[in-house]
Amino acid sequence: MTRLRLCLVGFVSASLGCQTPVEEKPLATGPKQPIVATPNKTSVPILAPVISTGNPSEDNPSRLYQLKGLTQVAGTVGKHDFKFWVMDTDSKRQEGMMFLVDKDVKPSEGMIFIFKDIQPNDGHRGFWMKNCPLGLDILYVSSKMKVLNIGDGVPFQEKSVSPVGDFQYVVELKRGVSRKLGIKPGDTVNWPKNVVSQD
């Protein structure tokens, strides 16, 4: 996750955003700041974060992208069906699942983070859980659509959850779903071929 916003949510790269060879700008300054799991204070102008009420009919004022406004596609991880919200721009990837709570996301739902280029595993990339009250399974996925590893996204943790190899996609599911369904490294991930990075 570059430190992708894991909480999204959302990645960790010496600073937010993807590092070389990806040409994304860092979102945070200083060494080894998580990149995407959740955006840092400078990327989202929030003075008083408001955690979701869990009511899908109400907008969460802390989020730039409401779930109901995001594209959602059908996909699979292993033999299991999911509905994925598509995070296909830098801004969306930075917000990820920030400020969402248990009631906002069903066990059969998740997010896919689509990167234009492969993210090298250089020790600085990964997702973090800042501003994420919802625990997550963070699945790093290779360009060949195989799960590389599954990280444990602990709510509000600012330590990066890192990949074990180069990845091009990240899937976020509710914490524990992977274990419950038997999803493991090596499983194949699928979603529509036309889902690509928009930046």
* In sequence, state the C-alpha distance, the side-chain angles, and the governing distance for Trp85 and Leu67, and then conclude on side-chain contact (heavy atoms from CB on, under 4.5 Å). => CA-CA 7 Å; Trp85 290 286; Leu67 293 181; 3.8 Å; yes

* For Ile114 and Ser197, which heavy atoms make the closest approach, and how far apart are they? -> CG2-N, 3.3 Å

* Asked: Under a 4.0 Å N-O cut-off, is there an ion pair linking Arg93 with Asp199?
  -> yes

* Asked: Do the side chain of Lys174 and the main chain of Asp102 share a donor and acceptor less than 3.5 angstrom apart?
  -> yes

* Asked: Does the Glu158 side chain pair with the main chain of Phe156, one donor and one acceptor, at a distance under 3.5 Å?
  -> no

* Would Val164 and Phe113 show up in the same hydrophobic cluster when neighbours are defined by side-chain heavy atoms closer than 4.5 Å? -> yes

* Structure fact -> Value for CZ (Phe84) from CE (Met111), rounded to nearest 0.5 Å, stands at 12.0 Å

* **Between CD on residue Gln72 and CZ on residue Phe82, distance to nearest 0.5 Å** => 12.5 Å

* Asked: Would you say the side-chain atoms of Asn131 pair up with the backbone N or O of Ser62, donor to acceptor, closer than 3.5 Å?
  -> no

* Structure fact -> d(Asp104 CG, Lys68 NZ) to nearest 0.5 Å is 12.0 Å

* May I have the step-by-step check of side-chain contact (heavy atoms from CB on, under 4.5 Å) for Leu70 and Gln66, ending in yes or no? => CA-CA 7 Å; Leu70 292 170; Gln66 304 301 322; over 6 Å; no

* Side chain proximity check, Val141 to Val171, heavy atoms < 4.5 angstrom -> yes

* pair Gln198-Val196: side-chain heavy atoms closer than 4.5 Å -> yes

* Structure fact -> d(Leu100 CG, Glu109 CD) to nearest 0.5 Å is 10.5 Å

* Could you tell me the separation between the CZ atom of Phe167 and the CG atom of Leu139, rounded to the nearest 0.5 Å? => 12.0 Å

* To do: Give, for atom CG of Asn121 and atom OG of Ser162, the distance between the pair rounded to the nearest 0.5 Å.
  => 7.0 Å

* To do: Before giving the answer on salt bridge (charged side-chain N to carboxylate O under 4.0 Å, His left out), spell out for Asp137 and Arg179 the whole-Å C-alpha distance, their side-chain angles and the decisive distance to 0.1 Å.
  => CA-CA 9 Å; Asp137 288 346; Arg179 184 183 69 254; over 6 Å; no

* Asked: Nearest heavy-atom pair of Leu173 and Ser178: which atoms, and what distance?
  -> CD1-OG, 3.9 Å

* Contact summary for Asp88 and Lys92, nearest pair of heavy atoms -> OD1-NZ, 3.3 Å

* **Heavy-atom pair with the smallest gap, counting every atom of Arg175 and Val154** => NH2-CG2, 3.5 Å

* Classify the side-chain pair Tyr65/Ser91 by whether it contains a donor and acceptor separated by less than 3.5 Å. => yes

* Considering only heavy atoms from C-beta outward, does the side chain of Met129 approach that of Leu134 to under 4.5 Å? -> no

With a 3.5 Å cut-off and sequence neighbours excluded, list the donor-acceptor pairs that the side chains of residues 182-195 form with protein atoms.
residue, atom, partner, partner atom, Å
Lys184, NZ, Asp187, OD1, 3.3
Asp187, OD2, Lys184, N, 3.0
Thr188, OG1, Lys146, NZ, 2.6

* Check whether any side-chain heavy atom of His80 lies under 4.5 Å from a side-chain heavy atom of Val177, and answer yes or no. => no

* Asked: Is there a donor-acceptor pair closer than 3.5 Å between any side-chain N or O of Gln119 and the backbone N or O of Asp166?
  -> no

